[in-house]
There are 2 protein chains.
Amino acid sequence: MLETVTPMKTEASDALSETAQKTEAEKRGRKASKEVRQLQLIEATIDSLAKRGYAETTMADVADGAGLSRGIVNFHFESKEKLLIATLQHMYDEYSAHWRTALQKAGDDPARQLQYLVWADFDRSICNKRKLAAWLAFWGEAKSRPIYQALSSSRDNHYQQVFINLCTTLKQSGGYAYEPQAIALALSAMLEGLWLRLMMGTEDTTRETALQAANAFLAAAFPKHYG
Amino acid sequence: MLETVTPMKTEASDALSETAQKTEAEKRGRKASKEVRQLQLIEATIDSLAKRGYAETTMADVADGAGLSRGIVNFHFESKEKLLIATLQHMYDEYSAHWRTALQKAGDDPARQLQYLVWADFDRSICNKRKLAAWLAFWGEAKSRPIYQALSSSRDNHYQQVFINLCTTLKQSGGYAYEPQAIALALSAMLEGLWLRLMMGTEDTTRETALQAANAFLAAAFPKHYG
DNA sequence: CAACATTTGTTGAACATTCATTCAATATGG
DNA sequence: CCATATTGAATGAATGTTCAACAAATGTTG
């Protein structure tokens, strides 16, 4: 159902973190290109955030997770704070590219576009325990750190505007009564809330049930388009 | 609109933290009853979580915020971890009592009950920057701390079951087509997502617009009952 | 191609700082 | 005067950062 939506570079980085370092990344102690090493450290940071949370994520844990020595992070990133910002930026870019690709693949039909955006949100490459946990770790610190604030909401202004536009179009073609802004806000908030459930719910909420809930919303809000 | 829904003990604790310590709580250095002092420290903890985030919340900051000395927290609570657990438990109890009270005040009509539950979520005593920030701070750490997991989701199993029951009843009386479980999940997830927006959104999402979005959802999902 | 030099990446120990916890001394209320 | 609450300095552990030494790649020269 979702296969056609899935992109892109995330496959490489995910595989790298799941199966330790492959042969493609040079083994421990050997040199690797700057970008590869930085990505490796960023992936190790996401691992640590997911496993230990923001407060317990240490430079030593990141270095150990990457199979490298203690001082290496301060060489590639100047400080712990800059490592975390780079990690957040990486996740933001990935999410952003992901929904834009999904939107592009949907074609011209607004109903189809909205459906694809919702599907994209629950795609395995984006929506897995590890990355959701990392997102939540950043969200928990965003309010007190202005630097995080802009990046920490993966669904940014642009994303929200696309939702509003789609809801406006659907309202006209379907003759619905609601305010597009309000429905768009309800919809994107629900998607974020479902993400929250997916990580905190013990097991009662799965990607499937979350997707069902999102589709139930679409069917209720746009009965002429999704029935 | 919401006045009749608002309870309860939260007024006292909120006022206490907002206007420093009043005369009701004994002044610095003087003795106070165990419960008062513990509540005072818990409120100071919420303040610190909201202002500095989980990672930067220190015992010293909590003690300073309460206007007391450094060692005091380890006297009333055994450790930092137990202080944080007590704080989370306090917020959980408060939220739980709040929605139960709202449900009780709604009377017997299911549609009215659901409306009151939604209103309760955006009541000022519960839904303010300070407490939302504290919630989010705990959420960010919940995945890596089993102790938090049970308490960190303010909307617990009981809450969710009430939603499911209400959606089931409304479905029968309104002749709707959807799956009650899915709609209930969509609804409660949206409420949580709106909370998220309220703290992270720079200012574009207010309590009013969030409530409008929630009501738009109700109107779309239950057109016969809210319209 | 070999020998050397230079740049760049990497290591791990040392350092300084922050912070939770402990506890003996002191203050307070009953 | 006794039990209890409170203080604030001391302690020890954890952790981010620095840096001198080392290793590997790259460049240079004969």
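A, B, ... follow the sequence lines: proteins, then strands. Residue 1 opens every chain. Values below: all heavy atoms of this structure, side chains included; hydrogens, waters and symmetry mates excluded.
Between the NZ atom of A:K34 and the P atom of D:dT26 there is a distance of 13 Å, given to the nearest Å. Spacing between atom CG of A:L68 and atom C1' of C:dT10 amounts to 9 Å, rounded to whole angstrom units. The CZ-P distance, from B:F75 to D:dA5, rounds to 4 Å in whole Å. As rounded to whole Å, 16 Å separates atom C1' of D:dT17 from atom NE2 of A:H76. B:F77 has its CZ atom 15 Å from the C1' atom of D:dT6, to the nearest Å. In this structure, A:L41 places its CG atom 13 Å from P of C:dG9, rounding to the nearest Å. One interatomic measurement links the two molecules: CD1 of A:I72 to P of D:dG16, which rounds to 16 Å at whole-angstrom precision. Distance B:D64 CG to D:dT7 P: 11 Å, rounded to the nearest Å.
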Polar atoms only, N or O, under 3.5 Å: list the protein pairs with nucleotides 16-20 of chain C and their distances.
residue: C:dA20; atom: OP1; partner: B:K80; partner atom: NZ; Å: 2.8
residue: C:dA20; atom: OP2; partner: B:M59; partner atom: N; Å: 2.9

Distances under 3.5 Å between protein N/O atoms and the N/O atoms of nucleotides 9-12 of chain D, please, pair by pair.
none

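Judged by distance alone, with hydrogens and angles left aside, the side-chain atoms of B:R155 form no donor-acceptor pair with the main-chain N or O of B:Y159 at under 3.5 Å. No donor-acceptor pair closer than 3.5 Å links the side chain of B:Q89 to the backbone N or O of B:L151. Of the possible donor and acceptor atoms, none in the side chain of A:E141 sits under 3.5 Å from a partner among the backbone N and O of B:G53. Between the side chain of B:R37 and the backbone N or O of B:H76, no donor-acceptor pair lies under 3.5 Å.
Every residue two or more places apart in sequence or in another chain that forms a side-chain hydrogen bond (donor to acceptor under 3.5 Å, both in side chains) with A:N165 is listed here: A:Q161.
By the 30° and 60° cut-offs, the orientation of the rings of B:W195 relative to B:W135 is tilted. Ring geometry for A:Y54 against A:Y148 counts as perpendicular: the plane angle is over 60°, on a 0 to 90° scale with 30° as the lower cut.
Atom OG1 of residue B:T57 and atom CG of residue B:L49 lie 4.0 Å apart, to the nearest 0.5 angstrom.
For the pair A:R145 and A:E81, the salt-bridge criterion is not met [side-chain N within less than 4.0 Å of a carboxylate O].
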